[in-house]
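Every heavy atom of this structure was used, including side-chain atoms; hydrogens, water molecules and symmetry mates were not. Since we're looking at a predicted model, the values are computed, not measured.
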Amino acid sequence: LNTGGGATNIYITNPGLNQWNHIVLTYDGTNITAYLNGTSVGTNPTSGSISNTNTVYIGNWSTQEGFDGLIDELGIRDEALTAPEITALYNSGVALDARTNSGNYSSTDNLKGYWKMEDGSGTTLTDLSGYGNNGTITGASWSMGKTSSSYSNTAKVIDNTAPTMTITATDGINAVTDGSTTIAAT
């Protein structure tokens, strides 16, 4: 993780080969914490804000190294998940739709990128967060496992309607105290 305070490494040892592992990294502005299969496995202090205008690589560092494995799902949020939320995502038993709050998971509004990796063909990786951060598949192949049947592979719809406010006031120095002012917001 690279923040304004510099790069911080956190290592996840022995995730278990040839089996599915749930890995989560959180950053709360003070610490980066790694979770493996719902359990915290390490924390490193760091500081600074995360800002990235560069390309984000999934399963790769730049274009130099490859990831020898399968990746099923990736979500990026603008706020750290809580330990109960991570446990809910790991223990759900079926695919928990990260676009919808459910049980102890309540961070759907913080979801800024969400890739289920269920497109199945082509070179586009569809972002389901609703923000349109679609990716490009390069040097990888699709491996179809069990498709999530508990929800669709359709992007979340985000309401970008600006709030409205109406302020009505009469002339005069006592407009507020004499009840001549109306404020309504939606």
Side-chain angles (χ1 to χ4, degrees), residues 1-17 19-61 67 69-118 125-135 145-161 163:
L1 177 67
N2 196 351
T3 65
T8 300
N9 293 321
I10 191 159
Y11 298 97
I12 300 172
T13 57
N14 301 321
L17 298 175
Q19 67 184 35
W20 181 84
N21 289 285
H22 184 250
I23 297 172
V24 175
L25 299 175
T26 64
Y27 177 61
D28 62 8
T30 305
N31 294 298
I32 178 174
T33 302
Y35 293 82
L36 175 62
N37 298 329
T39 302
S40 173
V41 293
T43 298
N44 278 346
T46 191
S47 63
S49 61
I50 298 173
S51 64
N52 185 16
T53 57
N54 299 319
T55 301
V56 174
Y57 295 92
I58 302 169
N60 197 331
W61 178 258
F67 174 74
L70 304 174
I71 301 172
D72 179 61
E73 180 176 322
L74 175 71
I76 296 177
R77 295 159 181 84
D78 65 358
E79 187 174 287
L81 291 173
T82 65
E85 286 179 309
I86 293 167
T87 301
L89 289 169
Y90 175 67
N91 287 331
S92 63
V94 295
L96 181 63
D97 186 352
R99 297 169 298 168
T100 306
N101 293 330
S102 177
N104 286 332
Y105 175 74
S106 60
S107 288
T108 187
D109 289 341
N110 301 322
L111 196 61
K112 301 304 174 193
Y114 187 46
W115 302 270
K116 288 294 301 166
M117 304 191 190
E118 293 183 350
L125 183 59
T126 304
D127 173 19
L128 301 177
S129 71
Y131 288 96
N133 296 308
N134 294 337
K146 185 176 180 181
T147 303
S148 300
S149 59
S150 59
Y151 59 93
S152 71
N153 203 41
T154 305
K156 177 180 173 181
V157 176
I158 298 173
D159 181 7
N160 289 324
T161 306

| query | Does the side chain of W115 come within less than 4.5 Å of T126's, by heavy atoms? | reply | no
| message | Is there a side-chain contact between I12 and Y35 in this structure, where contact means two heavy atoms from C-beta onward sitting under 4.5 Å apart? | response | no
| Quick one: CZ on R77 to CG on L111, what's the gap to the nearest 0.5 Å? | 5.0 Å
| request: Rounded to the nearest 0.5 Å, what's the gap from CG on N37 to CD1 on I86? Could you check? | output: 12.0 Å
| task | Would you indicate whether the side-chain heavy atoms of L89 and H22 approach each other to under 4.5 Å? | result | yes
| query | In Å and rounded to the nearest 0.5 Å, what is the CG to CG distance from L25 to L36? | reply | 10.5 Å
| field | Set of residues satisfying side chain to side chain donor-acceptor pair (under 3.5 Å) with respect to S40, sequence neighbours excluded | value | none
| Closest heavy-atom contact between Y27 and T30? | CE1-N, 3.9 Å
| said: I'd like to check I32 versus T43 (side-chain heavy atoms, cut-off strictly below 4.5 Å). Are they in contact? | reply: no
| message | Restricting to non-hydrogen atoms, name the atom on K112 and the atom on S129 that form the minimum distance, rounded to 0.1 Å. | response | O-OG, 3.2 Å
| message | If you define the side chain from C-beta out and look only at heavy atoms, does anything of N134 sit under 4.5 Å from L125? | response | no
| request: Please report the shortest heavy-atom distance between T87 and G38, naming the atom on each side. | output: OG1-O, 3.8 Å
| Residue pair T26 / V24: nearest heavy atoms and the distance that separates them | CG2-CG1, 3.9 Å
| message | In terms of relative ring orientation, are W20 and Y90 parallel, tilted or perpendicular, with 30° and 60° separating the classes? | response | parallel
| said: Looking at P15, is its backbone amide N or carbonyl O close enough to the side chain of N21 to form a donor-acceptor pair, meaning the two atoms are under 3.5 Å apart? | reply: yes
| Main-chain N/O of D127 paired to N133 side chain as donor or acceptor, under 3.5 Å | no
| task | Rounded to the nearest 0.5 Å, what's the gap from OG1 on T33 to CG on D28? Could you check? | result | 6.5 Å
| remark: CD1 (I23) and CG (L74) are apart, to the nearest 0.5 Å, by 11.5 Å
